[in-house]
Amino acid sequence: AGLFSSAAKLVSAVSRFGFMLNQVVFPEVLATAANLGSEKLTRLINRTSILALLAMCMVAATISFFGSQIIRLAVGADFVGAAPIFGILLFAECIIVAGTHLNPLIQSGSGTRPLVLINFSALLLMVGASFVLLNLIGAVGVALAVLAANLATWLAMFVVVHQLFGVRTK
C-alpha cells in the first residue's frame, strides 16, 4: 500500500497539469470546432488525438526511464520499489491528459451525459479489474487496472466524438 500511495502522489502532479491544460484547451477547442466544416474537423481531431497521445507517451517514457531516481528523490530510497507502479500510473494519467481536447467536443455535442456514462463504466472496469489483479499480482495489478480504465475512457471518448460530429477515421 505504501508503494502504491507514493507512486500515486507523484502522479497527481501530472494530473494537476492536465487540469490546467484543460482550462486553456476547452474554450479553444470549442471556438475552433464551431468554425470548421466536417472534413477539416475530422483532420483536426485525428491529428490532435495522435499528437497528444505521442507527446504524452514521450513524457511517460522519459519520466518512467528516470522513475527510480524520481522516487528516490521525492520519497526516499525505501520506496524505489514504487517505480514500476509510478510508470504505469503515469502512463495512465498521460492517456487522460491526451484526451483533454475530446471533453469539450462531447459536451458541446450532447452535454455531459456521455461523459458521465463513460466515466462510470471506466470506474466499474477499474474496480472490477483491481479486485481481480490485486489478488493476482498486487499493487502493480491495481495500477494496470487504472491504465486499462483510462485507455477505455480515451477510446470511448474518441468514438463518441466521431459519432457526434460524423467524423471519419482513415
Side-chain angles (χ1 to χ4, degrees), residues 1-26 29 45-106 112 114-162 169:
L3 295 179
F4 190 90
S5 176
S6 298
K9 286 178 185 176
L10 291 174
V11 171
S12 72
V14 175
S15 181
R16 286 187 206 112
F17 168 74
F19 289 126
M20 291 185 299
L21 181 64
N22 195 23
Q23 290 174 342
V24 173
V25 169
F26 199 97
V29 169
I45 291 170
N46 288 339
R47 282 188 207 148
T48 305
S49 297
I50 290 168
L51 289 173
L53 276 175
L54 288 174
M56 289 296 109
C57 286
M58 289 172 47
V59 168
T62 301
I63 292 176
S64 293
F65 182 72
F66 297 107
S68 295
Q69 293 87 348
I70 293 169
I71 295 284
R72 189 180 318 274
L73 286 171
V75 293
D78 292 341
F79 293 96
V80 170
I85 299 166
F86 174 61
I88 294 167
L89 290 176
L90 180 67
F91 187 64
E93 187 60 35
C94 285
I95 290 170
I96 293 302
V97 171
T100 297
H101 66 290
L102 300 173
N103 283 346
L105 293 169
I106 292 171
T112 58
L115 290 171
V116 170
L117 292 173
I118 289 168
N119 287 314
F120 183 71
S121 299
L123 176 64
L124 292 177
L125 171 65
M126 185 191 67
V127 169
S130 292
F131 180 74
V132 171
L133 293 173
L134 177 63
N135 292 320
L136 293 174
I137 54 177
V140 171
V142 176
L144 289 171
V146 172
L147 176 63
N150 287 4
L151 183 58
T153 299
W154 188 90
L155 288 171
M157 289 181 2
F158 190 77
V159 167
V160 167
V161 164
H162 280 54
T169 54

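Keep in mind it's a predicted model, so treat the numbers as computed, not measured.
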Closest non-hydrogen atom pair between L134 and A139, with its separation: CD1-N, 4.1 Å
Geometric class of the F158/H162 ring pair [parallel <30°, tilted 30-60°, perpendicular >60°]: tilted
Validation: residues 141-153 side-chain donor-acceptor distances under 3.5 Å, sequence neighbours left out:
| unit_1 | atom_1 | unit_2 | atom_2 | d |
| --- | --- | --- | --- | --- |
| N150 | ND2 | A92 | O | 2.8 |
| T153 | OG1 | A149 | O | 2.8 |

Reported CD1-to-CE distance for the pair I96 and M157, which is rounded to 0.5 angstrom: 6.5 Å
Sequence-distant partners of F66, side chain to side chain contact (heavy atoms under 4.5 Å, CB included), two or more places apart: T62, Q69, I70
Can I get a per-line list of side-chain donor-acceptor pairs under 3.5 Å for residues 117-133, giving both atom names and the distance, sequence neighbours left out?
| unit_1 | atom_1 | unit_2 | atom_2 | d |
| --- | --- | --- | --- | --- |
| N119 | ND2 | L115 | O | 3.0 |
| S121 | OG | L117 | O | 2.8 |
| S130 | OG | M126 | O | 2.7 |

